[in-house]
Visitor: 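The structure is given below, and queries will be raised subsequently.
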Amino acid sequence: MELMTAGESHGKALVAVIEGLPAGLPVQKEEIDRYLALRQGGYGRGARQKIEKDTVNILAGVRGGRTLGSPVCLSVENKDYANWEAYMDPCTADLSARRVTCLRPGHADLTGVKKFAQTDARNILERASARETAVRVAAGTVARGLLRELGVEVSGYVRSVAGVTDDKAYPFEALQGVKESPLFMPDAALCAEAMARLDAIREEKDTAGGVVEVRVHGLKSGFGSCMTYGQKLDAALAGALMSIQAIKGVEVGMGFAAALSRGSRVHDAIYYDEAHGFYRNTNNAGGIEGGMSNGEELVLRAAMKPIPTLMRGLDTVDLDTLQPARAATERSDVCAVCACEIIAESVVCFVLAQKVLERLGADTMQDVKERYAKLP
Ligand code: EPS
């Protein structure tokens, strides 16, 4: 199964094409819209989200709520296009207006204009923008539906915002309802502290990042492979998480802390009894050993850098004059860590559905389910 997305941040629409889904998979527009709305929320979002109200258009590949086995095409309209048509129309755009020449540090602006030989960073930022993730969430929610058919659930929460960190361990069930928190943080006191910190950062015209944790419950062992490096599950998941705009680091299970500890305190001892078969009492590996799921919960974390568009602007250079300048600003999110959490869950869903189909691939969802049920 493969995914391709297209679309500019202020263009007409974003589009996703998913190729390789089996026939008969239930697809619920209401569920996709629910995750699109969650991606738009969270404390710290900026004015753009007041303009957009994302909903999915299912354009192809689904009939009467089930996939046909043909490519599935999804789109999300950009409502802001109404304000941008004169500058973004594919045929008649006025290229002399809304130019971006004061390159924003931390964005794709400088390297993009050099690589693609542009004189306007708008031709770079329109695609580099995290707006693209709206359709990745839509596609990920279709994949979430495939996993649910097998009894696999994906959830997550925000672990850290602007330096306010919750390092408690939560059981999977405790994450139900966490999306009702303004920052998707399970601990209300830490959430209030993080919100106050974001208020102060907004006042200072600055931005913040954070850390999200994604958990996968109910995945059987053996997805991914130890035999070929290209098939390793952790490599695919880390790659997908790193492909999210603004992600600078990924951890699996104990992650970087494992490097600071001893083997005897890191590796999850193996036990066996008649009732459980093989089992572990710890999950420092985060559910992956040898590049394969080991049947324990998957635990993945991603670190998001602070949003690179700062309302106070950073030192930069004007592309037209090559003189010192302040980086371009119009509006910006202060923090988009909740959006990042939903996107992270979505890309994890997509990779896991890919790995399931790689191993059990079939023309129909019924066959996939039967093959999954037969696995130990
Ligand atoms: C983004 C800049 C902002 C964000 C945008 C990502 O958009 P604008 O330039 O229109 O104010 O709001 O994110 C989204 C629109 C979204 O839906 O997530 C950027 O430069 O990456």
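When a ligand or atom number is given, it counts from 1 through the structure's own listing order. Everything quoted here is computed from the prediction, not taken from an experiment.
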Visitor: For ligand 1, what is the set of protein residues having any non-hydrogen atom at a distance below 4.0 Å?
Guide: His10, Arg39, Arg45, Arg48, Gln49, His107, Ser129, Ala130, Arg131, Arg331, Asp333

Visitor: Before giving the answer on side-chain hydrogen bond (donor to acceptor under 3.5 Å, both in side chains), spell out for Asn83 and Asp80 the whole-Å C-alpha distance, their side-chain angles and the decisive distance to 0.1 Å.
Guide: CA-CA 5 Å; Asn83 306 315; Asp80 209 14; 2.7 Å; yes

Visitor: Can the ring centroids of Tyr279 and Tyr271 be said to lie less than 6.0 angstrom from one another?
Guide: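 Between Tyr271 and Tyr279, which both carry aromatic rings, the centre distance is below 6.0 Å.
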
Visitor: In this structure, are over 12 heavy atoms from other groups packed under 6.0 Å from Arg331 atom CZ?
Guide: yes

Visitor: What pairs with Glu30 under side-chain contact (heavy atoms from CB on, under 4.5 Å), at least two apart in sequence or on another chain?
Guide: Gln28

Visitor: Can you name the closest pair of heavy atoms from Ser181 and Met185 and give their distance?
Guide: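 For Ser181 versus Met185, the nearest heavy atoms are OG-N, 3.0 Å.
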
Visitor: Crowded around Lys168 NZ? As in, over 12 foreign heavy atoms under 6.0 Å?
Guide: yes

